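Given the structure is predicted, the values throughout are model-derived calculations rather than measurements.
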Amino acid sequence: MHWNQQTSSRLHWRDCTGLDEKNRWSGRADLSLDCVIRKIPRFSSNMNSSTESKSTNDGSVSEAQSAFDAMTIPQQRAAVFRLQAGRETVEAFAVAFILALLFRAFIAEAFVIPTGSMAPALMGAHKDVFCDECGQQFPIGASLENRTPALQKVVVGGICPNCRHVNSLDLANDANEQTFSGDRILVSKFAYTLKEPKRWDVIVFKVPVNPKQNYIKRLVGLPEETVSIQYGDVYAKSNSETDSSQFGEIQRKPPEKLLAMSHLVYDSQHQPKALLEAGYPSRLQPWSPGIDTIPTDSWKVTETAEGMTATVEAAEGETKWLRYYHHFPDEQQWRAAINGESLADVDPQTGRLITDFYAYDSYLNVASDRVYDVKPSPVGVSRLKRMLGQTRTAGVFRSSYESGGDLAQFRGTVQYGGSYHGSGGVHWVGDLIVSQTIETSADAQQLRFEIVEAGVRHVCEIDLPTGEAKLTLDDGQEHAFDGDSNLHPIAETAVRAGQQHDFRFSNADDELRLWIDGGLVAFQSPTTFDFNSIVPREENQPRFDGPGNPLDAAPIAVAVTGGSATLSQWTIHRDKYYIAVDTSDDGMLDYDMGALRRFVGAGARPDEIVRDIQLLMGEPTIWADFPGWQSRRAVSFRMEEDQFFPMGDNSPESLDARCWAGKKTRLGNYASPDKDAYKFADVSYVPRDLLVGKALLVFWPHPWKSPLPFWPNLDRMQRIK
């Protein structure tokens, strides 16, 4: 009855311009009837522009009202619903847009990494390389290709960090060897609103030397402390401390950061095929204390294209050693191996120092006109292609360019990286991490892991019958760890004889750590120590005491006592090495260049000095005579309230707080109408006001270009550590 009365009465559009959730008119006066009618094709065509008002001046019903009245109630409801839906869609987009702006301004924002200063954790423009010889994957920097709109330099190769083979890139035929754009990351702008920034965070900030530009670095120094760098390590002390002769405490990286920031040195699962065929000696060699020759009744090492295995059998109470000798072919030896010549006569006990070699910085580059007739250009690249990471057209290669061929085709014009470090490291690194997969027999008695630094043996022994792990510091006499009478930290483990486990042992930042099957082992007392109390700073240098006691020439070893064992994987990484500089004018080097020039010759150029240092790294017999160990610098930076000290992970090629102070002054780049624009350009810190936020994750690394275009690179989508 109620419904019939309602339908028989005349319904005015002013009373029925909206419906609530119960299908009753809600009387929304903000909806235009004309808009409702025009949404209905069979009525909109009959309406004149002169009848767009809701009623005439004399009170008569307008044509729009008449058209609405002619509709049935269901038609009227549908018309209003359609108008409401359209408005709500527009409102939703508007709200989403506003929220996106607010989210970007205050919560989180996406950034693209432009350079390689944080490599390899975060990569700018780069190339992904798979070594032609051992198959190891590694990135190399290519940011220099983007430094000018017109392509001036082309990256044509890189050096494998595992086997040190020089790889030539096939730019013309392999799409995956083209230059990829930098990682796209998500940055939380809200992270430091509720809590203070932490040491080792990856932060984004407005760089003081150019506050219009965002930089991304790792936070190393905190407010109201003095930060110091020496021998690659970071030290800090409160500004309130009065003792000016000390650097303070070494700043240790948490385990997660340590592993994320480490660099590959060796992976036994990636064996170079040319060296296998040439008989080049393995880096893993049996060894016996005090004996100059390689024992024949010890470990048997087998290397194939599929990887490496080493086996041993030891009598009860007998200990058998396997040592790592850090050696690899030089350029001439590599050429001989590739040409099918034998390298079997190379001394297997030759050992080099492990250095701060950065594969990312080993990008080999030449002038672009040696590769292209028509250079790749940013002109003509569509907006869509730019969004997908392509910044230049393909270009036209020279007919004389042999893509992927021997780099000798460039006739000596190839340059190694953007610094002196490109072809090899310059600074000795003693902080190492070794991983091994070992299976023992049921009668095996003990496993022993050893890392040597400056002649000090850092030892972990695992008693296989009980699983007890024990740590020792030994340089001929045993030294205590931190804590009261803490000579041998002890831990209980689940390791037993007759089992297979993955072991990881590290000596980094004056702390020993042990992982078993991926889990960090908790010791009953501190495993930290003060290395300077064992080896004074002025005596901190690599040691060599002949083949029977190689020390730093063979810094990593494993031993099995009793029973048999099989070792199926051996991987070595090194810790980050921060270079102690406060200006980059004389190169990114720890060494006092004046002292080194007096040693090698007054007229020596920096590149000549670096080449001599790199050669010396492979000559253990003259390490003791090198004055460069004592000429390594230490630098300090004082932070006051609300001042932060960031550095890049890629220490040789990072413009950061160590050396950006005064750069604008030296270059004369103070052209700004705002007198405060560069107020922090001459300081070695980032003020709190210039902090943007904390880097959270790599949400979109470059996609692969084959086997399909835009093939997702899932391995690189990860949380930033």
Side-chain angles (χ1 to χ4, degrees), residues 199-200 217-222 224-253 353 355-356 419-421 425-431 453-454 456 508-511 528-542 574-599 606 609-610 613 623 626-640 643-649 651-652 654-662 683-685:
R199 199 186 315 274
W200 311 119
K217 308 289 182 187
R218 196 174 294 275
L219 179 57
V220 175
L222 300 176
E224 299 183 83
E225 69 180 17
T226 297
V227 180
S228 300
I229 307 168
Q230 188 179 47
Y231 303 162
D233 292 324
V234 175
Y235 297 82
K237 67 174 183 178
S238 171
N239 290 343
S240 61
E241 295 184 26
T242 58
D243 187 355
S244 60
S245 63
Q246 300 297 322
F247 295 138
E249 295 184 357
I250 192 169
Q251 299 304 302
R252 300 180 172 94
K253 307 172 193 68
L353 290 177
T355 68
D356 62 336
S419 68
Y420 303 133
H421 296 246
V426 182
H427 306 101
W428 162 53
V429 179
D431 285 8
E453 181 181 10
V456 179
D509 302 328
D510 291 5
E511 182 174 13
T528 58
F529 53 93
D530 179 10
F531 193 68
N532 294 320
S533 66
I534 302 172
V535 179
R537 294 180 191 274
E538 62 275 10
E539 298 177 14
N540 189 317
Q541 64 184 63
R574 69 165 178 87
D575 188 19
K576 191 72 62 187
Y577 188 98
Y578 288 109
I579 300 172
V581 295
D582 53 14
T583 176
S584 58
D585 292 346
D586 207 6
M588 299 295 285
L589 302 168
D590 267 2
Y591 306 100
D592 183 328
M593 297 303 286
L596 290 187
R597 285 190 177 95
R598 290 190 293 272
F599 176 68
I609 294 175
V610 166
I613 293 174
W623 290 345
F626 179 50
W629 310 124
Q630 286 71 42
S631 73
R632 289 174 293 172
R633 289 187 296 260
V635 294
S636 298
F637 303 87
R638 183 183 176 91
M639 302 296 107
E640 301 296 346
Q643 296 176 2
F644 301 88
F645 187 82
M647 289 195 290
D649 280 3
S651 192
S654 173
L655 178 62
D656 53 41
R658 292 171 299 170
C659 48
W660 69 38
V683 301
S684 295
Y685 61 82

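Under the ring-ring contact (aromatic ring centres under 6.0 Å, His included) criterion, Trp200 pairs with no residue, sequence neighbours left out.
A donor-acceptor contact closer than 3.5 angstrom links the side chains of Ser654 and Lys217. Checking Gln630 against Gln541 by side-chain atom types alone, a donor-acceptor pair falls below 3.5 Å.
Put simply, the side chain of Asn540 never gets that close to the backbone of Asn532: no donor and acceptor are under 3.5 Å apart. Between the side chain of Arg633 and the backbone N or O of Leu589 there is at least one donor-acceptor pair closer than 3.5 Å. Proximity of a side-chain donor or acceptor of Arg252 to a complementary backbone N or O of Asp510 within less than 3.5 Å is detected. No donor-acceptor pair under 3.5 Å is formed between the side chain of Glu539 and the backbone N or O of Pro536. Side chain of Asp592 to backbone of Ser631: no donor-acceptor contact under 3.5 angstrom is found. The backbone N or O of Glu511 sits nowhere less than 3.5 Å from a side-chain atom of Thr528 that would complete a donor-acceptor pair. Checked by atom type and distance alone, the side chain of Asp590 never pairs as donor or acceptor with a backbone atom of Arg632 at under 3.5 Å. With Arg658 contributing its side chain and Asp582 its backbone, the two residues share no donor-acceptor pair below 3.5 Å. Judged by distance alone, the side chain of Ser533 and the main-chain N or O of Asp530 form a donor-acceptor pair under 3.5 Å.
Between Tyr577 and His427, the angle of the ring planes stays under 30°, which puts this pair in the parallel group of the 30/60° scheme.
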| task | Go through the steps to decide whether Phe626 and Trp623 satisfy the test ring pair (Phe, Tyr, Trp, His ring centres under 6.0 Å), and finish with yes or no. | result | CA-CA 5 Å; Phe626 179 50; Trp623 290 345; over 10 Å; no
| Between Phe637 and Phe645, does a ring pair (Phe, Tyr, Trp, His ring centres under 6.0 Å) hold up when you go through it step by step? | CA-CA 8 Å; Phe637 303 87; Phe645 187 82; 4.7 Å; yes
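Atom CD1 of Ile250 sits about 4.0 Å away from atom CG of Asp233, to the nearest 0.5 Å. To the nearest 0.5 angstrom, Phe247 atom CZ is 4.5 Å from Gln230 atom CD. Arg218 contributes atom CZ, which lies 10.5 Å from atom CE of Met647 (distance to the nearest 0.5 angstrom).
Crowding of Glu640 atom CD: a count of heavy atoms from other residues, nucleotides or ligands under 6.0 Å exceeding 12.
Using a 4.5 Å cut-off on side-chain heavy atoms (C-beta onward), Glu224 and Arg638 make no contact. Looking only at side-chain heavy atoms (C-beta outward), Val635 and Tyr578 stay at 4.5 Å or farther from each other.
With salt bridges taken as basic N to acidic carboxylate O contacts below 4.0 Å, one links Lys253 and Asp509.
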